[in-house]
Amino acid sequence: MQTISSELRRRFDNANSVLVLTGAGVSAESGVPTFRGGGNTAVWKGMPFNVISSARMVGRDLPAVWEWFDYRRSLLGTLAPNPAHYEIASWQDRFPDFTLVTQNIDGLHQQAGSKNVIELHGNIWRARCINCHARYDISNGDSRRSECVSCGDRLRPDVVLFGEMLPPGIFEQAADSARDCELCFVVGTSGIVYPAAGLPEIAKAAGAYLCEVNPERTALSGLCHEVLTGQAGEILPMLGH
Ligand code: BV8
C-alpha cells in the first residue's frame, strides 16, 4: 500500500498555496473512460480521439463531431464524482490559496463542489456559436439546440479541440498560479497534451514541490519530487485525513 512520506506530510500540513492539475484519470473511478491507459488510445468509429476531437473535423463534418460528444454526454449523464473529486473539493477550504486546473470537460469537479475550476479544455455541457461565440448550457438533457438564437449560425461543442488555442487568458491564469504555488499535485494525467503538460514544469521552475498521483509512470513522473503510485480515489483521501 502506498504511504505518504514525512516530507510530503509536512509540506501538506503547512502549505498556503497549492495547485492541483487533473486529467482523465481522476474521473476513471467514476466510470469515465480515459483516453490512453493500458497502452490503448480511445477510438471513435475508427478515428483516434485526437482526430475526431480536432478543429479540422469541425470544418469537415460537424455532425460527426456532435455525435461523438452527444455519445460522451449520454455516458457522463449517468456518472457521479468519486472520492478523488470530493477530496480535492475539500482542499479549497483547507488551503488559503488553492487552484484547481483541469483538462477534463466532464464537469465532475464542479459536481463535487469545487468552485472557480480552471477548465483548460472547455466543458462538454456547453455549446457555442461558430460565428458569434454565444454560449449555451446543454446540460438539461433535452434535445440539444443546433442554431444560434442571436445570429442563426451553427453551434459546436464548447470544448478546445486539437489544433485550437485555449480560451484567451485561461492558460496564463493557470501559469500564474503555478508560479506562486508551494505544492503542485499532478493527478491522473499522462502529461502528453500541451500546453497543459507544461504547467508542472512552470511550478517546479518556480520552486514548488511536485507530487504525482497515478497508477502508472507518465511523461511527468521524472519531473516530480514524489510519485504516489495508485488510484486517486484511494490515495488523495490519505492526504486529507
Ligand atoms: C494548441 C477536449 C496552439 C476535447 C482535449 C507541443 C508538443 C507537441 C504537440 C503540441 C505541442 N503544442 C501543441 C501541440 C499540439 C497538441 C498536443 O498537445 N498534441 C499531443 C497529442 C502531442 N495540443 C493542442 O492542439 C492544443 N492546442 O496547442 O493550440 C496550437 C494550435 C495549432 C498548432 C500548434 C499549436 C489543444 C489541446 C487540447 C485538446 N483537447 N480535450 C475532448 O475531450 O475530446 S485534450 C484531451 O486529451 C484531454 O482534455 C486531455 O488533455 C488529453 C488526455 O490526456 P489525460 O487527461 O492525461 O488522459 P489520458 O487518458 O492520456 O491519461 C490518463 C492517465 O490517468 C494515465 O496516466 C493513467 O495511468 C491515469 N489513471 C488511470 N486511472 C487512474 C489514473 N490516475 C489516477 N487515478 C486513477 N484511478
Side-chain angles (χ1 to χ4, degrees), residues 2 20-44 47-59 64-73 75-76 79 81-85 87-88 101-109 117-128 156-168 170-172 174 185-201 211-222 224 227-239:
Q2 178 67 55
V20 175
L21 171 68
T22 65
V26 79
S27 296
E29 292 152 85
S30 296
V32 182
T34 59
F35 297 85
R36 297 178 192 80
N40 309 319
T41 292
V43 171
W44 170 259
M47 285 180 280
F49 87 92
N50 52 338
V51 172
I52 181 72
S53 280
S54 70
R56 213 190 348 250
M57 194 54 82
V58 166
V65 173
W66 267 123
E67 219 186 327
W68 160 232
F69 285 98
D70 290 347
Y71 157 73
R72 291 166 68 184
R73 269 202 335 281
L75 182 69
L76 276 172
L79 304 176
N82 68 65
H85 295 108
E87 180 64 28
I88 292 169
V101 183
T102 190
Q103 299 166 76
N104 301 345
I105 62 174
D106 57 30
L108 289 175
H109 281 302
V117 180
I118 299 179
E119 295 180 303
L120 293 176
H121 298 160
N123 188 297
I124 200 169
W125 303 107
R126 286 195 309 263
R128 85 166 180 272
R156 54 157 287 165
D158 189 23
V159 299
V160 178
L161 299 171
F162 284 95
E164 291 183 333
M165 305 297 275
L166 275 53
I170 285 267
F171 185 77
E172 292 68 23
F185 288 95
V186 181
V187 182
T189 183
S190 56
I192 291 173
V193 171
Y194 280 77
L199 283 171
E201 285 151 22
C211 176
E212 179 176 59
V213 179
N214 197 307
E216 294 177 7
R217 295 281 296 176
T218 75
L220 295 170
S221 304
C224 294
V227 173
L228 303 177
T229 304
Q231 312 272 324
E234 290 165 11
I235 288 183
L236 293 179
M238 289 164 59
L239 279 159

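One-based numbering, in listed order, for ligands and for the atoms of each.
With Asp106 contributing its side chain and Ile124 its backbone, the two residues share no donor-acceptor pair below 3.5 Å. Between the side chain of Glu164 and the main chain of Leu161, a donor-acceptor pair closer than 3.5 Å is present. With hydrogens and angles disregarded, a donor-acceptor distance shorter than 3.5 Å links the side chain of Gln2 to the backbone of Thr229. Distance alone, capped at 3.5 Å, is enough to place a donor-acceptor pair between the Glu29 side chain and the Gly233 backbone. Here the side chain of Thr218 pairs a donor or acceptor atom with the backbone of Leu220 at under 3.5 angstrom.
Here the closest non-hydrogen pair linking Leu239 and Phe185 is CD1-CE2, 3.7 Å. Pairing each heavy atom of Gly107 with each of Asn123, the nearest pair is CA-ND2, 4.1 Å.
Remark: ligand 1 atoms within the under-4.0 Å shell around heavy atoms of Glu29 are 78 (N), 79 (C), 80 (N). Residue Pro215 has at least one heavy-atom neighbour below 4.0 Å for each of these atoms of ligand 1: 71 (N), 74 (C), 75 (C), 76 (N), 77 (C). Below 4.0 Å from some heavy atom of Ala28 lie the following atoms of ligand 1, by number and element: 73 (N). Proximity to Gln231 (heavy-atom distance under 4.0 Å) selects the following atoms of ligand 1: 78 (N), 79 (C), 80 (N). Taking every heavy atom of Gln103 and a limit of under 4.0 angstrom, the matching atoms of ligand 1 come to 48 (C), 49 (O), 50 (C), 51 (O). Distances below 4.0 Å separate heavy atoms of Ser53 from the following atoms of ligand 1: 42 (C), 44 (O). If you number the atoms of ligand 1 from 1 as listed, the ones under 4.0 Å from a heavy atom of Glu216 come out as 69 (O). The distance from ligand 1 to the heavy atoms of Gly23 drops below 4.0 Å at these ligand atoms: 56 (O).
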Inset, instruction - Evaluate the side-chain contact (heavy atoms from CB on, under 4.5 Å) criterion for residues Glu119 and Ile105: first the C-alpha distance (whole Å), next the side-chain angles of each, then the deciding distance (0.1 Å), finally the verdict. - result: CA-CA 7 Å; Glu119 295 180 303; Ile105 62 174; over 6 Å; no
Inset, instruction - Start with the C-alpha distance between Ile88 and Leu236, add both sets of side-chain angles, then the distance that settles side-chain contact (heavy atoms from CB on, under 4.5 Å), and finish with yes or no. - result: CA-CA 8 Å; Ile88 292 169; Leu236 293 179; 3.8 Å; yes
Inset, instruction - Any chance you could lay out the side-chain contact (heavy atoms from CB on, under 4.5 Å) test for Val227 and Asn214, step after step, and finish with the verdict? - result: CA-CA 8 Å; Val227 173; Asn214 197 307; over 6 Å; no
Inset, instruction - Just do the side-chain contact (heavy atoms from CB on, under 4.5 Å) check on Val187 and Val20 with the steps written out, would you? - result: CA-CA 7 Å; Val187 182; Val20 175; 4.2 Å; yes
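Put simply, the residue from Tyr71, Phe49, Phe35 that forms a ring-ring contact (aromatic ring centres under 6.0 Å, His included) with Trp44 is Tyr71. Of the options Thr22, Asn104, Thr102, Leu79, a side chain to side chain contact (heavy atoms under 4.5 Å, CB included) to Ser27 is made by Asn104 and by none of the others.
Annotation: Val160 places an N or O atom under 3.5 Å from an N or O atom of ligand 1; distance criterion only. Among the atoms of Phe35, some N or O lies under 3.5 angstrom from an N or O of ligand 1. Polar contact check, Asn50 against ligand 1: no nitrogen or oxygen pair lies under 3.5 Å apart. The shortest N/O to N/O separation between Glu164 and ligand 1 falls below 3.5 Å. Remark: ligand 1 and Thr218 share no N or O pair separated by less than 3.5 Å (distance only, no angle test). At a 3.5 angstrom cut-off on N or O pairs, Ala24 counts as close to ligand 1.
By the criterion of a heavy-atom distance under 4.0 Å, both the backbone and the side chain of Ala232 are placed next to ligand 1. Under 4.0 angstrom from ligand 1, the non-hydrogen atoms of Ile105 all belong to its side chain. Within the 4.0 Å heavy-atom criterion, neither part of Glu234 lies near ligand 1. Residue Met165 touches ligand 1 through backbone and side chain together, judged by heavy-atom distances below 4.0 Å.
Evaluated by nearest non-hydrogen atom to atom 23 (N) of ligand 1, the leading choice among Trp68, Phe162, Tyr194 is Tyr194. Comparing His121, Arg72, Glu212, Arg217 against atom 42 (C) of ligand 1, the shortest heavy-atom distance belongs to Arg72. Within the set Asn214, Val193, Val32, the minimum heavy-atom distance to atom 52 (C) of ligand 1 is found for Val193.
Look at Gly163 and you'll find a heavy atom under 4.0 Å from some atom of ligand 1.
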